[in-house]
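Everything numeric in this text was worked out from a predicted model, so none of it was measured. Throughout, protein chains are lettered first and strands after them, A, B, ... in sequence-line order, and every chain is numbered starting at 1.
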Amino acid sequence: MSEIAAAPPPPGLSAGGFLKNNLRQYGMLLSLVVIMIFFQITTDGTLMRPLNLTNLVLQNSYVVIMALGMLMVIVTGHIDLSVGSVSGFVGALAAVMMVQYHVPIGLAAIACLAVGGLIGAAQGYWVAYFKIPSFIVTLAGMLVFKGMMLAVLGGQSVGPFPVIFQRLSSGFLPEFILGQDDFHLSSLLLGIAVALALVYFNVRGRARTQSHGIAVEPASLFWAKNAILFGAISGFTYLIVSHRGLPNVLVIMLVLIALYAFITNRTIIGRQIYAVGGNVKAAKLSGIRTERLTFFTFVNMGVLAGLAGLVFAARLNTATPKAGLGFELDVIAACFIGGASAYGGVGQVTGAVIGAFIIGVMNNGMSILGVGIDYQQVIKGLVLLGAVCVDVYNQRR
Amino acid sequence: MPPILTMRGISKSFGNVQALSDVSFTVEPGEIHALVGENGAGKSTLMKVLSGVYPTGRYGGDIEFDGAIRQFRGINDSEALGIIIIHQELALIPLMSIAENIFLANPPSRFGVIDRAAVYTRTLELLKKVGLDEAPDTLITNLGVGKQQLVEIAKALSKKVRLLILDEPTASLNESDSQALLDLLVGFRAQGISSILISHKLNEISKVADKITVLRDGRAVETMDCADGPVQEERIIRRMVDRDLESRFPHRTPEIGEQIFAVENWTAHHPQHAERQMVKRVNFHVRKGEIVGIAGLMGAGRTEFAMSIFGKSYGQNITGRATMSGQEIDVSTVPRAIAAGLAYVTEDRKQLGLLLAEDIRKNISLANLNDVSSHLVLDDIRELQVANGYRDRMRIRSQNVYQETGTLSGGNQQKVILSKWLHTNPRVLILDEPTRGIDVGAKYEIYQIINELAQQGRGVIMISSEMPELLGMCDRICVMNEGSFVAEFSREDASQENIMRSIVRRGEQAA
């Protein structure tokens with residue numbers, strides 16, 4: 001047999017042809033942009049005001065954080081209905097520890113994340129090793145942890161939190177260059193630096209791919225894409241920092257998004273998660289420890305639900321018995337709107353994040369327009385159904 | 001009396017594979033007609049044509065039933081005329097009662113409400129007819145296989161049955177249950193009900209059949225009339241396997257080295273029924289550069305044996321010793337079996353072999369991701385080079401390695417799976433039905449690949465239901481039956497006749 005050799009590069013694709021092939025990836029982003037433009041016009045520009053943008057990020061941070069974990073759970077072919085209750089429970093635990101028992105903030109936060117992980121492990125154990133349907137296990141978990149939250153809080157709200165803990169959600173990056181009350185130049189520079197870094201990595205990756213004789217997207221499209229990417233990030237940063245700077249929680253969120261996008265796309269464990277969701281029997285016969293991976297995705301989900309609970313509690317500055325109510329629905333909807341498949345094996349972290357923001361922008365825009373909570377629900381439900389229908393239709397074609 | 005069924009010039013193909021060519025077949029009223037042939041000879045396909053599973057227009061030829069040409073559009077059309085088929089895999093619902101199963105589709109009812117009393121009494125009558133002494137509300141799951149088979153027949157009798165088709169009805173029955181079933185068929189014959197009996201157990205066939213038709217490679221080669229005196233089993237066997245082996249197999253000069261892989265006293269039990277031994281104290285070995293074939297009928301335990309070795313992927317209470325070059329190896333999980341140098345290429349490409357929605361590249365790297373990564377991070381360039389390398393070596397026909405494997409032909413899918421396992425650099429490969437559902441041209445390429453594997457000094461174990469393939473490829477052929485190895489032939493001694501003889505002889509002893 002011959003030595004391994006790279007195949008000759010396949011014929012290059014035209015810009016139009018490439019766009020067509022990748023329509024699905026860009027389609028979601030395009031939907032988000034269209035929805036934003038729609039509300040920007042109908043709300044007379046309120047949507048993109050710095051104050052509102054900041055609020056939008058803060059309001060959706062916990063949904064985005066949980067969507068990262070939920071996406072991995074859904075990709076393995078499972079579901080986690082308990083995330084709302086778990087986040088509420090962990091928030092309550094944090095309040096009791098910090099407010100009533102005066103546990104140091106760092107210690108309490110770490111303990112809360114660990115509790116989230118333990119809850120995920122307890123549920124994942126039944127799903128992965130006993131093959132009990134995740135729907136049932138996490139439905140049980142939803143009831144159990146909702147009840148435990150009430151028990152921990154004694155049916156009352158507990159707060160307020162120490163000021164340092166509140167900064168997790170309501171704080172902003174400090175200004176280093178100018179004075180504390182001036183324009184947030186260092187935050188703006190940070191945003192531009194991130195945008196430049198992303199473009200740099202794209203250029204480097206493209207050159208590396210090309211040097212191995214592998215076909216890449218057309219240059220015109222590549223540069224257009226990067227120009228838009230750079231413009232969007234810098235512009236968005238400018239808008240947001242002109243309010244009070246970069247929110248701390250946005251920084252946490254972005255770091256997590258980058259981390260999970262990397263794990264799912266570039267690591268062995270990410271590849272194996274998709275394999276388990278695609279065909280669990282074939283994955284197992286290929287030497288993948290399918291049970292362990294499923295277990296891991298639930299542990300991970302638990303930790304992220306715990307973090308979301310902390311973020312939410314810090315934002316409200318109190319742990320209420322209603323915290324976390326119905327969060328799981330927004331989180332799951334975000335994943336499916338973002339292109340994940342209910343049958344497993346398909347879905348992207350970036351898609352789930354875009355899905356979360358589609359929901360967030362709609363919530364926000366409709367509230368500004370004065371649409372009642374009743375019709376907001378109707379519209380959101382229809383958007384979810386529509387998004388999934390379009391996806392299924394595209395796959396059948 | 002005119003025949004009740006005449007099938008004339010039936011042809012059916014799947015893609016490039018001709019499953020039936022010009023088969024003619026006649027059943028008289030009140031006749032038990034046996035249909036025999038190897039796995040894949042076309043028996044089941046012929047019966048599916050007859051029962052309307054393949055609707056009219058999807059096959060060539062005519063079906064004449066009860067004096068008129070029939071064009072069945074589905075199984076309901078044939079059932080309406082009294083053609084009832086009982087499949088090898090029973091189609092009963094385990095958690096429903098006998099009565100509910102029998103009257104599943106058309107329960108006696110008044111104004112759409114099921115008449116429970118009528119269901120009960122009519123079930124009792126039917127059970128009496130088939131000689132099954134069980135209460136109608138017994139759940140199917142509480143019955144043994146033999147009794148389930150009788151429930152299937154009772155279900156057939158609940159409809160107006162003229163022609164009963166039984167596909168391997170006694171394959172999983174013990175001797176007394178088999179006898180009861182055959183007696184039942186003889187009783188039906190007296191009532192004018194005809195039966196078509198598909199079976200591998202030649203002794204049973206010669207006991208009850210009026211006529212025997214032998215199918216081979218999709219053709220009806222002979223119909224023997226038992227009224228002309230008893231039919232010799234030898235004659236049936238010869239007709240079943242008699243064919244010339246053209247140069248369908250690439251030449252190889254075997255270079256066989258020392259023993260590389262062996263199992264001793266290997267036993268495995270059924271995953272649900274712990275008391276059933278599916279693999280019984282098997283001793284088996286393969287040498288370097290050797291291709292060993294495992295012959296046997298479906299359900300003989302070949303796949304179960306292979307999968308129980310490969311990471312205990314089948315069964316429970318698995319005991320025995322596995323060695324690689326004399327050293328005992330741990331094969332208790334798939335990753336350990338792979339690390340020990342084993343690879344198992346499944347017979348079920350779509351369910352157990354491929355990620356159909358993923359591309360060729362990701363499928364090839366799946367079993368050895370460490371090779372295409374550093375520090376747990378994937379190196380996509382290296383992965384692409386590996387995939388392209390195998391695509392060239394194996395001649396996988398595709399646009400590029402980014403094509404989804406679900407869109408490939410069977411032969412190319414098999415090459416992807418072989419690539420995946422070669423990427424783990426195994427010392428011993430177990431190939432389970434490596435050419436099933438693959439067209440002739442691609443088969444030859446797969447044979448070439450298998451020969452190369454042996455030439456590289458690997459041990460190759462090849463499970464196949466196609467006897468010519470085993471004879472054309474293997475240095476040694478073992479015959480498996482009901483979980484045991486019952487015979488072994490060297491390349492020189494092996495012939496279709498003596499392999500088939502050891503398969504059916506053993507089936508008789510067990511029956």
Side-chain angles (χ1 to χ4, degrees), chain A residues 1-13 21-22 75 77 204-216 259 262-293 341 343-347 395, chain B residues 307 310-311 313 333-339 343-346 348-358 362-363 365-370 372-373 375-394 399-402 417 420-422 424 449 452-453 455-456:
Chain A
M1 287 189 186
S2 64
E3 276 297 297
I4 288 169
L13 287 162
N21 287 348
N22 292 276
V75 164
R204 204 183 65 159
R206 187 171 194 268
R208 182 158 174 262
T209 312
Q210 247 174 341
S211 71
H212 286 83
I214 298 157
V216 291
L259 178 68
F262 181 78
I263 290 175
T264 52
N265 285 324
R266 298 294 310 279
T267 65
I268 289 184
I269 210 164
R271 177 65 62 79
Q272 291 183 334
I273 284 172
Y274 284 95
V276 168
N279 185 342
V280 64
K281 290 178 188 165
K284 193 163 180 147
L285 278 177
S286 299
I288 293 175
R289 295 176 175 91
T290 55
E291 285 95 353
R292 195 186 292 182
L293 267 183
S341 162
Y343 304 107
V346 177
Q395 277 173 354
Chain B
M307 288 183 72
F310 189 66
S313 301
T333 68
V334 175
R336 284 178 190 153
I338 294 173
Y344 170 69
V345 177
T346 173
D348 191 344
R349 285 192 291 276
K350 294 193 168 159
Q351 299 295 322
L352 304 180
L354 287 171
L355 305 175
L356 292 168
E358 298 284 8
K362 290 184 182 175
N363 272 283
S365 63
L366 189 65
N368 192 5
L369 286 169
N370 285 326
V372 295
S373 61
H375 308 296
L376 303 178
V377 177
L378 294 168
D379 178 347
D380 40 4
I381 305 266
R382 162 108 182 108
E383 184 179 34
L384 189 62
Q385 287 170 338
V386 166
N388 275 323
Y390 281 109
R391 179 168 172 263
D392 291 349
R393 276 162 65 180
M394 298 283 188
Q399 290 163 358
N400 50 46
V401 291
Y402 297 114
I417 299 181
K420 170 170 84 177
W421 288 113
L422 283 186
T424 67
I449 294 168
E452 272 180 55
L453 297 178
Q455 225 59 43
Q456 292 162 357

At a heavy-atom separation under 4.5 Å, does B:T424 approach chain A through its side chain, its backbone, both, or neither? neither
Within the structure provided, determine whether B:R393 and B:I449 are in side-chain contact (heavy-atom separation under 4.5 Å). no
With a 4.0 Å cut-off on N to O distance, would you call B:E383 and A:R271 a salt bridge? yes
Counting only non-hydrogen atoms closer than 4.5 Å, does B:L354 touch chain A with its backbone (N, CA, C, O), its side chain (CB onward), both, or neither? backbone
Top contributor to chain A interface from B:K362, B:E358, B:K420, B:K350 [non-hydrogen pairs under 4.5 Å]: B:K362
I need the residue from A:N279, A:T267, A:N265, A:I268 with the largest number of non-hydrogen atom pairs under 4.5 Å to chain B. A:I268
Could you tell me which non-hydrogen atom of B:W421 sits nearest to which non-hydrogen atom of B:A343, and how far apart they are? CE3-CB, 3.6 Å
Residue part contacting chain B, namely of A:R208, when any heavy atom lies under 4.5 Å: both
Heavy-atom pair of closest approach, residues A:A275 and B:L366: CB-CD1, 3.6 Å
Quick check on B:N370 against chain A: is it the side chain, the backbone, both or neither that has a heavy atom closer than 4.5 Å? both
For B:L356, is it the side chain, the backbone, both, or neither that has a heavy atom closer than 4.5 Å to a heavy atom of chain A? neither
On a heavy-atom basis, which atom in B:S313 and which in B:V334 lie closest, and how many Å separate them? OG-CG2, 3.6 Å
Do you know which of A:G270, A:G287, A:A283, A:G278 has the most heavy-atom pairs under 4.5 Å to chain B? A:G287
Using 30° and 60° as the class boundaries, would you call the ring planes of B:F310 and B:Y344 parallel, tilted or perpendicular? tilted
